[in-house]
Amino acid sequence: MGKPLQIEAGTDTQPTAQVDLDSRLVIVANRLPVHRVKRKGRTRWETSPGGLVSALAPFVRQAEGAWVGWPGFAGGNNRAFNHDGIRNRIVRLEEQDLDRFYYGFSNATLWPLYHDAIRPPVFRRGWWRRYVEVNRRYAEATAKAMELGADGDLVWVHDYQLQLVPRMLRTLAPDNRIGFFLHIPFPPEEIFARLPWRTQVLEGLLGADVIGFQTSLGAQNFVRSVKRFTQARGTDQMLEFEGRSVRVGVFPISIDVQHFAETAATASAIERAEVLRSQLGPGEQPRKIILGVDRLDYTKGIDIRMRAFQELLHRGRKNKSMSVRDCVMCQVAVPTRSGVDEYTKLRRTVEEHVGRINGEYGEPGLAAIHYLHRNLEFEELVAFYLAADVMVVTPLRDGMNLVAKEYVASRLGNTGSLVLSEFAGAAHEFRSALLVNPYDIDGLASSMQTALTLPQQDIARRMSSLRRALKRNDVFDWAASFLRELDPGSSS
Ligand code: F6P
């Protein structure tokens, strides 16, 4: 249908992300782009916050497409509905599906396996069977959402919960273009090899025409596993499987840079940041603020980061250089996946660290660590970014890590330092951050110390370089570059 779709990315180096799609677009993701809210006794749908939704929604709207996904609660009906210009196709999941497909196979088998097996992946045949069954439900709902016409629709499947969908869909709709993007890392071959259903998962993915990864490392790991465990052959960029070509590409995801920048410039965010600074760092000489914002997930390295802060205070006490009068850590931990045991255990560990470190290093009126276990509203989040002198993003393994990008997008005046794990996908683009090994408590403590004491011009030089890197690729560029690969008839 060839509708010109021009999205203003709004940055000075890369003003537009433009793609002219030739077909309708169907997005398939674990969650729908909406969630149900109850206000004044009435329930209604609201668009969900988050980068993926804001990036893809304009493309779906313009291409008169649809979004297939789970509405975020068990049961309910599966009637399709329109919201904010998008056709939503519900995949209904029951409690038992959530236990076995979502908490089980997706988040207690695949999630730890794909994150370097930081926690032992659990392999249960019953979970696998339910994963296959639920993936089939997504594939069938997608086939229903598609117009199986001459040109065919474009289908873009997202993430580790739905790796079997491309191949299932290929049998239901052989002539359509199917793309798949993995938002999390793809593990090294020797770790992936443990999965009892490794061949089925890889063949599921190979049903796609384009398979996208966050980093070149993920793409290489995938191709190595494919060559070992399937009949597919080819290069790191192009595989041949069952008489079809499958393109493998690297598409680093990003954020809506302009949205963060605009919010960071508002008087209300700036005022709120001032209030946070005076609350977190009271005293004659305001304390420097070290901020962490993460889902409370064991991949994020929150516990090790806290021990590194403890080490910093310990060193400071020994050589009288640093104390809670000089700096404070604020950790925002967003509740997540509480149905998985490892997440409950992590919460206990983190909260014990907070108690221990505050008990040992805090002073009356001066906590060493402020710990907030909650979700923040968007403007409040930006105010925290504005208040922070140092942002610590130290995952043990992460597909990309958008928090790092959000902090950089919010620092309009080139102030603030980013301490970033070398095992986050973002480290590939953010070479000017203070890069750390997140397992190294001593090294991490030293990097925090450096970040707290860096001369102003070094801070500005690093931040300005990070901001340039960010502006080269925002989330609209990411979506457009993937869709250009997926749609051979598109123009840009
Ligand atoms: O990073 C992978 C991811 O699935 C994101 O897409 C999502 O925002 C996050 O993890 C949380 O996932 P969920 O709450 O859907 O399990």
Side-chain angles (χ1 to χ4, degrees), residues 27-36 47-57 67-74 90-91 93 97-116 118-119 127 131 134-135 138 156-163 165 180-187 212-215 218 251-256 293-302 332-344 346-347 373-376 378 381 393 395-406 421 423-426 475 478-479 482:
I27 300 292
V28 192
N30 179 40
R31 291 179 189 270
L32 284 173
V34 291
H35 60 285
R36 235 176 27 178
T47 301
S48 299
L52 186 68
V53 173
S54 62
L56 296 180
W67 194 305
V68 179
W70 170 58
F73 51 85
I90 292 180
V91 176
L93 299 181
D97 298 321
L98 292 179
D99 282 349
R100 297 176 186 179
F101 156 76
Y102 175 72
Y103 290 117
F105 199 77
S106 297
N107 289 314
T109 306
L110 293 173
W111 182 267
L113 185 77
Y114 281 32
H115 288 86
D116 286 354
I118 292 166
R119 294 289 188 276
W127 289 359
Y131 183 78
V134 171
N135 269 243
Y138 275 82
W156 189 358
V157 184
H158 289 262
D159 230 355
Y160 62 102
Q161 304 94 344
L162 303 178
Q163 293 174 99
V165 170
F180 179 91
F181 184 77
L182 186 70
H183 290 252
I184 67 173
F186 194 92
F213 296 88
Q214 301 275 24
T215 63
F251 306 88
I253 199 170
S254 191
I255 57 164
D256 184 347
V293 177
D294 311 82
R295 279 189 310 106
L296 189 43
D297 192 302
Y298 53 80
T299 60
K300 303 293 181 186
I302 302 169
V332 179
V334 177
T336 183
R337 301 176 191 164
S338 49
V340 181
D341 285 350
E342 289 294 346
Y343 288 73
T344 323
L346 174 75
R347 180 172 180 189
H373 180 249
R374 71 198 62 162
N375 219 324
L376 299 181
F378 182 70
L381 174 66
V393 180
L396 307 178
R397 177 59 74 194
D398 212 331
M400 177 51 61
N401 198 292
L402 297 180
V403 165
K405 295 192 169 185
E406 291 170 6
S421 162
F423 304 136
V475 75
W478 166 78
F482 189 93

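Quick caveat, the model's predicted, so the values are computed rather than measured. Whatever order the structure lists them in is the order used to number ligands and atoms, beginning at 1. The residues of the chain are indexed from 1 along the displayed sequence. All values below come from the heavy atoms of this structure, side chains included, with hydrogens, waters and symmetry mates left out.
Every ring-ring contact (aromatic ring centres under 6.0 Å, His included) that F186 has, sequence neighbours left out, goes to Y114, F192, F222. Scored by the side-chain contact (heavy atoms from CB on, under 4.5 Å) test, S338 finds no partners at all (sequence neighbours excluded). The side-chain hydrogen bond (donor to acceptor under 3.5 Å, both in side chains) check on D159 picks up nothing, with sequence neighbours excluded.
If you check the side chains of D97 and Y102, you find no donor sitting under 3.5 Å from an acceptor. Y160 and N30 share no donor-acceptor pair across their side chains, judged by distance under 3.5 Å alone.
Taking the six-membered ring for Trp and thresholds of 30 and 60 degrees, F181 and W478 have ring planes more than 60 degrees apart, a perpendicular arrangement.
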May I have a table of the N/O to N/O pairs between ligand 1 and the protein that fall below 3.5 Å, each row giving the two atom names and the distance to 0.1 Å?
{"unit_1": "ligand 1", "atom_1": "10 (O)", "unit_2": "R337", "atom_2": "NH2", "d": "3.1"}
{"unit_1": "ligand 1", "atom_1": "12 (O)", "unit_2": "R337", "atom_2": "NH2", "d": "3.1"}
{"unit_1": "ligand 1", "atom_1": "14 (O)", "unit_2": "R31", "atom_2": "NH2", "d": "3.2"}
{"unit_1": "ligand 1", "atom_1": "14 (O)", "unit_2": "Y102", "atom_2": "OH", "d": "3.4"}
{"unit_1": "ligand 1", "atom_1": "15 (O)", "unit_2": "R31", "atom_2": "NE", "d": "2.8"}
{"unit_1": "ligand 1", "atom_1": "15 (O)", "unit_2": "R31", "atom_2": "NH2", "d": "3.3"}
{"unit_1": "ligand 1", "atom_1": "16 (O)", "unit_2": "Y102", "atom_2": "OH", "d": "2.4"}
{"unit_1": "ligand 1", "atom_1": "16 (O)", "unit_2": "R337", "atom_2": "NE", "d": "2.9"}
{"unit_1": "ligand 1", "atom_1": "16 (O)", "unit_2": "R337", "atom_2": "NH2", "d": "3.2"}

